[in-house]
Amino acid sequence: FLAKDEPLEQTYTVTIEDNNGEPVDQVVKVTITGTNDEPVIDAITKTDLLEQTDTTVLTRDIDVTFKDIDLADVDHSASVTAVTSSGVNTGLALVEEADLIDLISVGNVTKNSGSDTGSLKLTFEAGSTVFDYLALDEIVTLTYTVEVADGDGGTDTQDFVVEIKG
């Protein structure tokens with residue numbers, strides 16, 4: 001539960017008997033210094049979407065939770081670091097990884113001091129015509145990687161899937 005370099009000092013009084021049976025007290029101090037424990041992202045539920053048949057933007061929030069047992073760590077950040085497409089992706093105009101990553105926005109990362117759990121919200125948002133190339137029942141699968149960093153050098157990544165059906 002200690003954060004990186006956070007000290008915890010414990011003081012104990014030990015009483016022993018000397019050779020004459022007399023009690024002798026000795027104070028023992030133990031100092032423990034915390035190390036950085038990396039955050040651990042929980043599994044992320046797959047997001048299933050239907051391709052838009054009108055001009056409405058295709059959007060969905062994706063909830064992400066994580067654990068960090070360093071209770072004092074509160075300066076977490078998150079980013080989407082990678083994406084791959086599979087399934088029916090011939091016709092997908094967004095062929096560059098950066099363009100597909102741009103479909104995800106990362107909201108505020110929240111973790112309160114004293115808590116070992118944190119959360120963030122990702123939002124998938126695509127224009128109404130991005131997936132128009134999909135025929136009925138064709139599916140494209142976008143597999144993204146999100147990374148959570150604790151601000152002290154600890155990171156974790158987790159893949160999540162957004163599946164769009166024509």
To the nearest 0.5 Å, what is the distance between CD on Glu9 and OG1 on Thr11?
4.5 Å
Heavy-atom side-chain proximity of Asn36 to Asp150 below 4.5 angstrom
yes
Distance in Å, Leu122 CG paired with Ile104 CD1, rounded so as to fall on 0.5 Å steps:
6.0 Å
Side-chain heavy-atom pair Leu120, Thr110 within 4.5 angstrom cut-off:
no
All ring-ring contact (aromatic ring centres under 6.0 Å, His included) counterparts of Phe160, not counting sequence neighbours
Tyr144
Looking only at atom types and distance, does a side-chain atom of Asn20 sit under 3.5 Å from a main-chain N or O of Glu22, one as donor and one as acceptor?
no
Run the side chain to side chain contact (heavy atoms under 4.5 Å, CB included) test against Val30 and tell me which residues pass, sequence neighbours left out.
Tyr12, Val28, Ile32
Does this structure show an ion pair linking Lys165 with Glu138, if we count only N-O contacts that are shorter than 4.0 Å?
no
Report whether Leu92 and Leu134 are members of the same hydrophobic cluster (ILVMFWY, side-chain heavy atoms less than 4.5 Å apart, transitive linking).
yes
Would a 4.5 Å heavy-atom cut-off, applied to side chains only, mark Asp42 and Val64 as touching?
no
Got a list of side-chain donor-acceptor pairs under 3.5 Å for residues 151-158, not counting sequence neighbours?
{"residue": "Asp156", "atom": "OD2", "partner": "Ile41", "partner atom": "N", "Å": "2.7"}
{"residue": "Gln158", "atom": "NE2", "partner": "Ile41", "partner atom": "O", "Å": "3.2"}

By ring-ring contact (aromatic ring centres under 6.0 Å, His included) - contacts of Phe131 (at least two apart)
none
Under the salt bridge (charged side-chain N to carboxylate O under 4.0 Å, His left out) test, residues paired with Glu97 that sit two or more places apart
none
Asn108 meets the side chain to side chain contact (heavy atoms under 4.5 Å, CB included) criterion, sequence neighbours left out, with none
According to side chain to side chain donor-acceptor pair (under 3.5 Å), does anything in residues 113-137 pair up with another residue at least two apart or in another chain? List the pairs.
Asp61-Thr123, Asp63-Lys121, Ser115-Thr117
Within residues 97-124 or reaching into it, pairs that qualify as ring-ring contact (aromatic ring centres under 6.0 Å, His included) - sequence neighbours excluded:
none
In the single-linkage hydrophobic clustering (I, L, V, M, F, W, Y; side-chain heavy atoms under 4.5 Å), do Leu49 and Ile101 co-cluster?
yes
Looking at residues at least two apart in the chain, or sitting in another chain, which of them share a side chain to side chain contact (heavy atoms under 4.5 Å, CB included) with Glu96?
Asp99
Side-chain contact, heavy-atom cut-off 4.5 Å: Lys29 with Gln10?
no
Once side chain to side chain donor-acceptor pair (under 3.5 Å) is applied, what residue pairs with a partner in residues 82-92 remain, sequence neighbours excluded?
Ser85-Asn89
Once salt bridge (charged side-chain N to carboxylate O under 4.0 Å, His left out) is applied, do any residues pair with Asp25, and if so which ones, sequence neighbours excluded?
none
Please round to the nearest 0.5 Å and tell me the distance separating atom NZ of Lys46 and atom CG of Asp159.
14.5 Å
Using a 4.5 Å cut-off on heavy atoms from C-beta on, say whether the side chain of Leu50 contacts that of Ile164.
no
Path from Val106 to Leu142 over hydrophobic side-chain contacts below 4.5 Å
yes
Rounded distance [0.5 Å steps], CD in Glu163 versus CD1 in Ile139
4.5 Å
Show your working on side-chain contact (heavy atoms from CB on, under 4.5 Å) between Asp48 and Val162 and close with a plain yes or no.
CA-CA 6 Å; Asp48 293 314; Val162 177; over 6 Å; no
Any side-chain heavy atom of Val83 sitting closer than 4.5 Å to one from Thr145?
no
For residues 67-78, pull every pair meeting side chain to side chain donor-acceptor pair (under 3.5 Å), keeping only residues two or more places apart or in separate chains.
Asp68-His76
Would you say that more than 12 heavy atoms from the other residues, nucleotides or ligands in this model lie under 6.0 Å from the CG of Asn19, or not?
no
Do Val40 and Leu71 sit in the same hydrophobic cluster, where Ile, Leu, Val, Met, Phe, Trp and Tyr count as joined when their side-chain heavy atoms come under 4.5 Å apart?
no
What are the two closest heavy atoms between Gly118 and Lys111, and how far apart are they?
CA-CB, 4.0 Å
Report yes if the side chains of Val95 and Leu100 come closer than 4.5 Å at any heavy-atom pair, otherwise no.
no
Same cluster or not: Val161 versus Phe66, using hydrophobic residues (I, L, V, M, F, W, Y) connected whenever any side-chain heavy atoms lie under 4.5 Å apart?
no
